[in-house]
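Some notes on the structure that comes next.
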Amino acid sequence: MKINFILNDEEKTVDIQPDTRLVDLLRERFNLLSVKEGCGQGECGACTVIIDGKAVTSCLILVSQIEGSIIWTVEGLEKSGELEIFKKYFKKHGAVQCGYCTPGMVMSARALLNKNKHPDREEIRKAIAGNLCRCTGYNNIIDAITAIAEEGGFGV
Amino acid sequence: MSDLKYVGKSIPFKYADQKIAGDLKYVSDLSMPGMLHLKLLTAGIPRGKVKEIDTTRAEALDGVKKVYTFKNTPRRPFNGYYWYRDQEMIKDEVLLTDYVRHVGDRVAAVAAESSETAERACELIEVEYEKQEKPILDLEEALVGGDALHEKGNPFAEREFAYGDVDGLFAKTPSELIFSDKMETPKVHHAAMENHACLAYPEPQGKLTVISPCQLIFSVRLIISTLLDLPLNRVRVIKGNMGGSFGAKQETFLEPLAAFVARDLNRPVKIFFNRRESILATRTRSKILGKVKTAVSPEGKILGRDIDVIVDAGGYTSNGDIVSAAMAKKISRLYRIEHQRYHSYSVHTTTPPGGPCRGYGSPQIHALTEVNLDRAAAALGIDRVELRLKNLLHPHEKDLLGGPDIGNARIIEALEKGREEFNWTRKKKANQKSGRSGRYRRGIGVACATHVNGYYNVYPDFSGINIRFYEDGSILLNTSIHDLGTGARTIMAQIAGEVLEVDPEQITVLEGDTDRSPYDVGCHASRGTYVIGKAVQQAAVKLRELLLEETKKLAKNLPGVKPEEKLEVVIEEGRIRIGSDHYSYQEIISRIQLENQQELNVNYSYHSQANPASYGAHFVQAEVDTFTGLVEVKDYVAVHDVGQAINPLAVKTQIDGGVQMGIGMALMEEIDFDQKGYPLNTNFHDYHLINAPAMPEIRVFLIEDKEPHGPYGAKSIGEISTVPVAAAVVNAVNDALGKFLTTLPLTPPRIIDALY
């Protein structure tokens, strides 16, 4: 079936099996390799993307569900320049180790900042509750997101 | 410390930008033209002999290239732990088995044009078993039951380490001064976020190249070469970018299969596991069942200790014997104990194999001994920190078991620092006041721990380094390091940069590639910073000497210099001074190349000179909800004796990550099985990790008192950071409840069971 959506600020139309998972569409058709797969059941958050403003695990979404949606991945934030502030503070606060969970973390953080400009640490913890990380113990990631929120410039 | 320019600085990790942007390709992201996807059919039953495998329907599926079983793959047994030639060990694993020993065992594999096709074909393979045999799950039963999963039977290994007169001591110690515990630690999934992956492809002249996110490229090469009868120079193994390991990717078991199929079909072949396969078909933290008996004087001096352990190796031997020796070697490196014995049996069970896992047995053995010490402290009415302080080793004190010098051991300072920062005494009084009543009960816990710095005197422990100055002043540092995501490349650049007075940004650090990099025994045993880092430091010193030597030759020919004039040549702040003139590296190195016709290139091989102990003291405040059995960690202080932090932020992140893993082991992480041997949790839906809301803030403090043989005085942190955690958390929960719970993890049902 044909599906239309906006991906990283570009209009797209694909002809595809409706039961294809979004993670596969993004990785295989569009080569968006920031979208990682860690569990395939929506439990680890490595495949998190933003759909219509919300952080969503793309392994649980079928392409038939995305007609007319606005989808963002880290590659889109890179293109729009928004990723710079994430790079700056994720690096500064040691929020990146192996990096496999990082793009998903960035997308969850970005979705949070879209609706809450000044989240406290507890709100940040909740926003990334679905993003598992085995390397960092999360606190450095929370430090980074706090610093990004403080510098501001996002959403609402 | 202020004289250090790059060491001791929290420099951001190399490649962090690429990781954030998703530009860094992990092995699971790689693809090649003509690449086939190899999907494994793993066993759905715990145990049974394969009677027949019917692959015809799978083979008929469009897009399937070939189906593999035990019938058409090499039968030579191996052990994924094999890392140097002629190493003695039990080899009982094959690429694809005809006898299933655990759910998840490798039964067949399908090579297909797409991963979906390979997966569908796997579902079409029909496996008939002779009969489903009885599982082996209970460790004590396994020991005496006479049921053999392998030829050697159970137990397949026994170890004893002892010194002093343990029997004599216990015979004369009154029973009220002997404290016993029995503890079970869980089979834990490493949970690296990237599932296991590897890519193998054929090259001209019968050569095979494998890209693997591994920890020992030379071990992967050795095992492939042995199984496929290829000379070492026909196998090339490249360390690929890795989404975490924690020991899960230390052993070799997938790469030989991918390499075999790549050769067989003359096509690139990729394996990329899903989470279920990573949990069931790789390695786990070995479960142990331990008993400990400790004699303590009324004043709190530990007089002697007797430890008995059963190690659950799972379905295959892997490191199931070696990990026990590793546990034994920790018992004499923390406290001064004059009489001690450690005895162990290792058994096979019908569960996924144990293997290397961050700490390599240390978290398990410390859980047993540190929880037991709390029992002694409670019975004797001695403060738990005080009891430990009375017995901890002093710097350079002897390891009575005969292990290497413990070095500049600063555990006493670490424990004292932790007591102060945690406010131990105040928290303890507050707890005593509130008593053990009410729904929410708070407790505090402490644990001390020790771990290693490499393999000195036990195994080969050397590292080759190639380091080159380019003519623009930048540096190529060619190592066999495997960056597991810990920032190892950044650490190496900081060390080399410090010696050569070059910004680490200007230093490219290469990871292992068996064809291109010098030999190193691998990134395990916490030897990265301490051994490889020292090798880098020494190699950089040699390069610095070579630069000066060649500059001196050059100086004679500089314009305006008289031949008899002896000019001083020195390096100052990253520049070269000849007499009173200053030159950049770039100017000098270019001229060395042109005029001396010499490349500034050093090959250097270093072997370790010692294996000091690293230490940590962790303090935990936990709150138990006595209605639900849920535990929340409220406060956490971690103090580590690291010699010198090369990169303090990297050290902090290691500790935070180590704590995350350890709390999981204490409270929730366990690959569990039903009575028939089927796993109960095969994805993150039912195998839970500590997530962000459950993770406490960690207050980290470092004791930095230099270790003689470490690079700039540094010693290890990656593994030790997770060693005391489970013990400290359990001690805090036990303190809250006034109990001595010893079956880990302390899940809500176990806590509720203990309460009511």
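Letters A, B, ... mirror the listed sequences (proteins, then strands); counts begin at 1. Values reported hereafter were calculated over all heavy atoms of this structure, with side chains retained and with hydrogens, waters and symmetry mates removed.
With a 4.5 angstrom heavy-atom cutoff, A:Lys36 touches chain B only via side-chain atoms. Contact annotation for A:Ala129: both backbone and side-chain heavy atoms come within less than 4.5 Å of a heavy atom of chain B. For A:Glu84, no part lies near chain B; criterion is any non-hydrogen pair under 4.5 Å. Contact annotation for A:Leu33: both backbone and side-chain heavy atoms come within less than 4.5 Å of a heavy atom of chain B. Using a 4.5 Å cut-off between heavy atoms, A:Thr102 contacts chain B through its side chain alone, with no backbone atom that close.
For the pair A:Gln97 and B:Gln654, the minimum side-chain heavy-atom distance is below 4.5 Å. Contact check for B:Ile20 versus A:Glu78: no side-chain heavy atoms found under the 4.5 Å cut-off. Residues A:Lys92 and B:Leu649 are not in side-chain contact: their nearest non-hydrogen atoms beyond the backbone lie 4.5 Å or more apart.
Using a distance-only test at 3.5 Å, with no hydrogens or angles considered, a donor-acceptor pair links the side chain of B:Tyr26 to the main chain of A:Cys98. B:Glu194 contributes no side-chain N or O that, together with a main-chain N or O of A:Tyr100, makes up a donor-acceptor pair within less than 3.5 Å. Put simply, the side chain of A:Lys126 never gets that close to the backbone of B:Pro693: no donor and acceptor are under 3.5 Å apart. In terms of modelled atom types and a separation under 3.5 Å, the side chain of B:Asn195 and the main chain of A:Gly38 share a donor-acceptor contact. Between the side chain of B:Asn691 and the backbone N or O of A:Asn131 there is no donor-acceptor pair closer than 3.5 Å.
Surrounding CD of B:Glu505 are at most 12 heavy atoms belonging to other residues, nucleotides or ligands under 6.0 Å away. Within a 6.0 Å sphere centred on CG of A:Asp120, other residues, nucleotides and ligands contribute more than 12 heavy atoms.
The candidate from B:Lys652, B:Met695, B:Arg275 with the greatest count of non-hydrogen atom pairs under 4.5 Å with chain A is B:Met695. Among the candidates B:Ala650, B:Ser28, B:Ala192, the residue making the largest number of heavy-atom pairs closer than 4.5 Å to chain A is B:Ser28. Between chain B and the options A:Arg125, A:Glu37, A:Arg134, A:Lys91, the largest number of non-hydrogen pairs under 4.5 Å is found for A:Arg134. Contact count versus chain A (heavy atoms, under 4.5 Å) is highest, among B:Gly244, B:Ala191, B:Gly485, B:Ala692, for B:Ala692.
Counting all heavy atoms, side chain and backbone alike, B:Met193 lies closest to A:Cys101 at CG-CB, 4.4 Å. Taking each heavy atom of B:Phe684 and A:Cys44 in turn, the nearest pair found is CD1-CB, 3.9 Å.
To the nearest 0.5 Å, atom OG1 of residue B:Thr682 and atom CD of residue A:Gln41 are 7.0 Å apart.
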